[in-house]
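Keep in mind that what you see is a predicted model, and the values were worked out from it rather than measured. Any value given below was found using the heavy atoms of this structure, including those in side chains, with hydrogens, waters and symmetry copies removed. Order of listing sets the numbers, starting from 1, for every ligand and every atom in it.
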Amino acid sequence: MAKGIVIYYSRSGNTKEMAELIARAMNEGDLPTDCKSVEKVKANDLLGYDAIVVGSPTYYGSMAAPIKQLFDDTVSFHGRLSGKVGGAFSSAANIGGGNETTIMGIIEAMLIAGMIVEGDPQGDHYGPVSIGKPDERVKQQCANRGGRIAKLTRKLTS
Ligand SMILES: Cc1cc2nc3c(=O)[nH]c(=O)nc-3n(C[C@H](O)[C@H](O)[C@H](O)COP(=O)(O)O)c2cc1C
């Protein structure tokens, strides 16, 4: 059966809260999904999942170093993530603080790995973004995104 994972880095809990909401929606969308801090994930673990969703706080407009390190560590099996479903999300302090560039950085790494990333024509287009702690709007975005990722993954793996 297809499986998903949501991986996050979080110091003050905002990105972690988003991760848990997305993972819950993926599980509710019939895609069994783990939710893990990046410190507990080794690059090799990614090979066991069909959907990989990655969240990072916005640090100077890009992903936090531990998330970048995880992608860098996949170079030893470059190409083997090809065809898996990806997704990204981020929390920042400010509107215009680099949220979307952070998400695009994560998506770029996923595309280079050959992964499939679906946009959202109605919601947060590139992936859920939060300013500080997730509010009701962000919670809804995370739920919607998790559902969309689960649906696409089930479709591609059935
Ligand atoms: C090193 C560092 C760099 C940051 N850079 C930015 C930034 O460029 N833009 C921004 O809006 N917030 C920035 N922030 C704020 C965090 O993105 C924000 O507080 C986020 O919600 C933290 O997520 P967390 O609770 O999951 O740790 C930065 C925070 C740190 C610690």
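- Between Ala150 and Met26, the closest heavy-atom pair is CB-O, 3.8 Å.
- Proximity to Ser10 (heavy-atom distance under 4.0 Å) selects the following atoms of ligand 1: 24 (P), 25 (O), 26 (O), 27 (O).
- Between Asp72 and Lys68 there is a salt bridge, since a side-chain N of the basic residue sits under 4.0 Å from a carboxylate O of the acidic one.
- For the pair Ile131 and Asn94, the minimum side-chain heavy-atom distance is 4.5 Å or more.
- Of the protein's heavy atoms, Ser91 OG, 2.5 Å lies nearest to atom 21 (O) of ligand 1.
- Closest to atom 7 (C) of ligand 1 among all protein heavy atoms lies Gly97 O, 3.4 Å.
- Residue contacts with ligand 1 include Gly61, since one of its heavy atoms falls under 4.0 Å from the ligand.
- Summarising the contacts of atom 11 (O) of ligand 1 with Ile131, Asn94, Thr101, the nearest heavy atom is found in Asn94.
- For Ala93, there are no side chain to side chain contact (heavy atoms under 4.5 Å, CB included) partners at least two apart in sequence or on another chain.
- Atom NZ of Lys16 sits in a sparse spot, with 12 or fewer heavy atoms from other residues, nucleotides or ligands closer than 6.0 Å.
- Closest protein heavy atom to atom 12 (N) of ligand 1: Ala93 N, 3.2 Å.
- The two residues Lys139 and Leu21 have their closest heavy-atom pair at CG-CD1, 3.7 Å.
- The protein non-hydrogen atom at the shortest distance from atom 23 (O) of ligand 1 is Pro57 CB, 3.4 Å.
- The nearest protein atom to atom 25 (O) of ligand 1, hydrogens excluded, is given as Ser12 OG, 2.5 Å; this is a heavy-atom distance.
- Summary of contacts: the protein heavy atom closest to atom 2 (C) of ligand 1 is Tyr59 CD1, 3.5 Å.
- The pair Arg137-Asp124 meets the salt-bridge criterion, since a charged nitrogen lies less than 4.0 angstrom from a carboxylate oxygen.
- Scanning the protein heavy atoms around atom 6 (C) of ligand 1, the nearest turns out to be Thr58 O, 3.1 Å.
- Taking every non-hydrogen atom of Thr15 and a distance limit under 4.0 Å, the qualifying atoms of ligand 1 come out as 23 (O), 24 (P), 26 (O).
- Summarising the geometry of Tyr9 relative to Pro57, their closest heavy-atom pair is O-CD, 3.0 Å, with the distance given to 0.1 Å.
- Regarding atom 27 (O) of ligand 1, its nearest protein heavy-atom neighbour is Arg11 N, 2.8 Å.
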